[in-house]
Each structure stands twice: as structure tokens, then as C-alpha cells.
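Okay, structure first, notes after.
Note that the structure is predicted; figures quoted are calculated from it, not measured.
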Amino acid sequence: MACVGSGPETSRMQEVPRPVEVHLFAAARAAAGVDVIAVRAGSLGEVLAEAVAKAPGLGDVVQRCSVLVDGMAAHSDDVTVPAGARIDVLPPFAGG
């Protein structure tokens, strides 16, 4: 006697891509009003544009910020940001 459901999973549900998490610090966090914004993967320019669309106050600050993609400095909006990546948006800090 065979058990129902004992075979391989045959679900027709599509796998949902993991979001990119945009982590905001200091003035960027204050401008956005949140710590983290979840967006779709794409180029860095697309990722940041979607973050700004979700938190419009971020738009004035993000241009002055340093950006890390999975811990590595990104210097171009053309950098590919894969699903599940972490983006850190770091405004200039005073002192040191």
C-alpha cells in the first residue's frame, strides 16, 4: 500500500526570488524612517532607485553615501546585485 505524498514534491508553485536587503545607517536611516528596505535584484542603480521609491526621503541622502554590496565597495550603478544580496548605505561620518 503506497502512502499519499511519499513521492517527490510536485508542487506547481514558483520559487520566489529572495529580496535584496538595503540596510541604512545614520542619516540614510533617519531620512528613510526605516532600518532596512527589501527590493528586487538588478543593477545597483535599479536597486537604489526602488529603495528611494519606497522611502522617498532617502533620495536626497543616497547620492552622498558610500555603498557596499555584500561587504564590497561598489563604485558604479552598473554593478550587478544578485537576489539575496545585502546592500549597506553608509553616509559620510564625522570624526574618526
Side-chain angles (χ1 to χ4, degrees):
M1 188 170 187
C3 294
V4 175
S6 63
E9 179 63 35
T10 57
S11 174
R12 294 180 190 252
M13 293 177 58
Q14 291 182 328
E15 185 175 321
V16 177
R18 294 180 308 162
V20 170
E21 290 185 349
V22 180
H23 292 255
L24 306 169
F25 297 89
R29 178 178 49 224
V34 296
D35 295 340
V36 179
I37 301 171
V39 298
R40 294 181 303 250
S43 70
L44 181 58
E46 293 167 338
V47 166
L48 293 177
E50 186 175 345
V52 169
K54 290 184 174 189
L58 183 59
D60 292 335
V61 176
V62 76
Q63 293 137 5
R64 298 186 307 266
C65 295
S66 296
V67 178
L68 305 178
V69 177
D70 286 334
M72 301 295 292
H75 302 289
S76 168
D77 284 346
D78 295 334
V79 171
T80 299
V81 179
R86 176 185 170 127
I87 303 295
D88 293 314
V89 178
L90 306 165
F93 291 95

side-chain contact (heavy atoms from CB on, under 4.5 Å) between Ile87 and Val67, worked out: CA-CA 7 Å; Ile87 303 295; Val67 178; 3.7 Å; yes
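- Across all non-hydrogen atoms, the minimal contact from Val39 to Ala51 is CG1-N, 3.8 Å.
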Trace of the side-chain contact (heavy atoms from CB on, under 4.5 Å) decision for Val89 with Leu48: CA-CA 9 Å; Val89 178; Leu48 293 177; 4.3 Å; yes
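- Pairs of residues two or more places apart, or lying in two chains, that qualify as side chain to side chain donor-acceptor pair (under 3.5 Å) and include a residue from residues 60-86 are Arg86-Asp88.
- In this structure, Val20 and Ala41 approach most closely via the heavy-atom pair CG2-CA, 3.6 Å.
- In this structure a side-chain-to-backbone donor-acceptor pair under 3.5 Å is missing from Glu50 to Val47.
- Shown here are the side chain to side chain donor-acceptor pair (under 3.5 Å) partners of Arg40, two or more places apart in sequence or in another chain: there are none.
- For Val81 against Ser43, the heavy-atom pair with the smallest separation is CG2-C, 4.2 Å.
- In this structure the side chain of Val36 never reaches within 4.5 angstrom of the side chain of Val22, judged on heavy atoms.
- Nearest heavy atoms, Pro19 versus Ala38: CB-CB, 4.0 Å.
- Side-chain contact between Cys65 and Leu90 is absent, with no heavy atoms from C-beta onward closer than 4.5 Å.
- One finds the CG atom of Leu68 at 11.5 Å from the NE2 atom of His23 (value rounded to the nearest 0.5 Å).
- In the hydrophobic clustering of this structure, Val34 does not group with Phe25; members are Ile, Leu, Val, Met, Phe, Trp, Tyr whose side-chain heavy atoms approach within less than 4.5 Å, directly or through other members.
- A pairwise comparison of heavy atoms in Val69 and Val79 identifies CG2-CG1, 4.4 Å as the closest pair.
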